[in-house]
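Here's the structure, in structure tokens; my notes come after.
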Amino acid sequence: MTMPSSVNMLPYLMLISSLNQTSFSEQSRSSCTIQKLLLFKLGGRSNFAVNDNASLLTRVQKMFFDYHFKVEQEAGSATFSFFSFNGTAGVWRAAAIKEAGGWKDRTTVEDMDLAVRATLKGWKFVYVGDIRVKSELPSTYKAYCRQQFRWSCGGAHLFRKVAKDILTAKDVSLIKKFHMLYSFFLVRRVVAPTVACILYNIILPISVMIPELFLPIWGIAYIPTVLLVVTAIRHPKNLHILPFWILFESVMTMHRMRAALSGLFELSEFNEWVVTKKTGNNFEDNEVPLLQKTRKRLRDRVNLREIVFSAFLFFCASYNLVFPGKTSYYFNLYLQGLAFVCLGLNFTGTCNCCQ
């Protein structure tokens, strides 16, 4: 088949590819091109989410995905490095899937699994940011936590599964192997959430009660500062939301660390598939069925882990306020504790503990 020479012909390519028995799904931003030049990532400069203004939760998610696609994915594309297929709204050639070994359900991130195996067969990835595909973001905190648990647990579990295959792959350069094993999997899927959770939610609060444990301010602040700068590059108009995003990510590190360790060591729930609930009430198509609201018990409306952590953080902050040491982190700890309380009571998204 003669391939279109222009990126603007990509919708035509997607149609022809689907007629040639390529797989297609309906949500995010990916497609497949000529052999050994595998994947287009779609996610244009304009808005791709249909409900990004539904709540602070969806606005924070939109910021993360914009950074993910326009910074991380474009950087991977520019260097022909590895970046993962996001699993939805993708068009793949049947030959690419077949050569990679087919679609497998051995982990909860079967889309990433396929992308890794395709990369090991020598396929290269390209990002195109001029085309967008609409998608809906999780609008409740519990739905978002389940989605993040599945992604984090599945990524760590896939690392366990494919590490040996990456090391022995013949069609992949040594640099790309190092990037995939160290940067993409080990650091981003395992080390980053674990270190962030332990440092900011455990070591930092405990340090205010142990004089011998001194943590310099620069050592605590440089990671959030770097994240603030690189995210602000994509969102200069949303600077007022970035502090909420940092506090929100502080809470999410707890879930991501638990998920990463579960996947890496195959602990409980490591292979549990829970579909992310979407309400459908922000689509223009009125035929999309709405999820029926059900009345839940109070214990089902409150997130106990977040409440326990908030009590711990408030205690440490109060101790630091009453007995100040070499450094005072009580202001930061109070803010973290407040974030845990708000998310523990589901005071974000489209529902809360009072509903």
Side-chain angles (χ1 to χ4, degrees), residues 7 10 25-31 39-79 81-90 109 111-112 115 125-141 143-145 147-148 150-152 155 183-184 187-189 192-193 196 223-253 255-256 276 278-279 282-283 339 348-350:
V7 172
L10 189 57
S25 60
E26 291 180 0
Q27 259 190 2
S28 185
R29 28 191 111 43
S30 303
S31 71
L39 196 64
F40 276 110
K41 287 287 183 183
L42 312 183
R45 294 178 177 80
S46 53
N47 187 17
F48 68 88
V50 298
N51 64 332
D52 64 300
N53 289 320
S55 65
L56 181 60
L57 174 63
T58 56
R59 295 180 71 180
V60 167
Q61 292 180 67
K62 174 64 164 49
M63 290 173 55
F64 165 76
F65 281 116
D66 274 351
Y67 167 77
H68 171 65
F69 288 114
K70 299 301 295 180
V71 178
E72 293 180 337
Q73 302 288 52
E74 284 195 354
S77 176
T79 59
S81 184
F82 170 76
F83 58 92
S84 179
F85 168 55
N86 293 95
T88 49
V109 286
D111 43 7
M112 185 188 296
F125 291 45
V126 175
Y127 178 96
V128 175
D130 297 328
I131 300 175
R132 55 177 180 155
V133 179
K134 291 292 185 180
S135 66
E136 183 184 4
L137 301 170
S139 57
T140 65
Y141 176 63
Y144 180 72
C145 286
Q147 180 195 67
Q148 293 298 304
R150 187 176 75 245
W151 290 356
S152 300
S183 177
F184 184 81
V187 173
R188 293 177 58 188
R189 310 297 164 186
I223 294 179
T225 302
V226 171
L227 292 175
L228 187 70
V229 171
V230 298
T231 307
I233 293 174
R234 272 293 297 157
H235 293 277
K237 295 181 180 179
N238 291 334
L239 286 173
H240 60 291
I241 302 178
L242 289 175
F244 297 100
W245 174 68
I246 291 176
L247 291 172
F248 178 75
E249 285 298 307
S250 175
V251 179
M252 290 308 301
T253 57
H255 295 281
R256 294 192 181 108
T276 304
K278 307 289 181 67
T279 60
N282 288 288
F283 285 100
T348 184
T350 55

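Computed from a prediction, not measured in an experiment: that's the story for all the values here. Any value given below was found using the heavy atoms of this structure, including those in side chains, with hydrogens, waters and symmetry copies removed.
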Closest non-hydrogen atoms of Leu137 and Gln61, given as atom of the first, atom of the second and distance, are CB-OE1, 3.8 Å
Work out which heavy atom in Ile241 is nearest to a heavy atom in Leu56; give both atom names and the distance.
CG2-CD1, 3.9 Å
Looking at Phe248, I'd like to know if its CZ atom is crowded, meaning that more than 12 non-hydrogen atoms belonging to other residues, nucleotides or ligands lie closer than 6.0 Å.
yes
Is any side-chain heavy atom of Met63 less than 4.5 Å from a side-chain heavy atom of Leu242?
yes
To the nearest 0.5 Å, tell me how far Ser183 OG sits from Phe82 CZ.
11.0 Å
Smallest heavy-atom separation, Ala196 atom then Thr253 atom, equals CB-CG2, 3.8 Å
Between Tyr67 and Glu72, is the side-chain contact (heavy atoms from CB on, under 4.5 Å) condition met? List the steps.
CA-CA 7 Å; Tyr67 167 77; Glu72 293 180 337; 3.5 Å; yes
Side-chain contact test, heavy atoms from C-beta onward, threshold under 4.5 Å: evaluate it for Ser139 versus Tyr144 and give yes or no.
no
Give the C-alpha distance, both sets of side-chain angles, the deciding distance and a yes or no for side-chain contact (heavy atoms from CB on, under 4.5 Å) between Ser84 and Gln73.
CA-CA 8 Å; Ser84 179; Gln73 302 288 52; 5.8 Å; no
Residue list, salt bridge (charged side-chain N to carboxylate O under 4.0 Å, His left out) with Arg189, at least two apart or on another chain
none
What are the two closest heavy atoms between Thr58 and Asp52, and how far apart are they?
OG1-O, 3.0 Å
Between Arg59 and Asn53, is the side-chain contact (heavy atoms from CB on, under 4.5 Å) condition met? List the steps.
CA-CA 6 Å; Arg59 295 180 71 180; Asn53 289 320; 4.2 Å; yes
Minimal heavy-atom distance between Pro193 and Arg256, with the atoms involved, is CB-CB, 3.7 Å
Under 6.0 Å between the ring centres of Phe64 and Phe69?
no
Considering non-hydrogen atoms only, spot the tightest contact between Val251 and Tyr141 and give its length.
CG1-OH, 3.6 Å
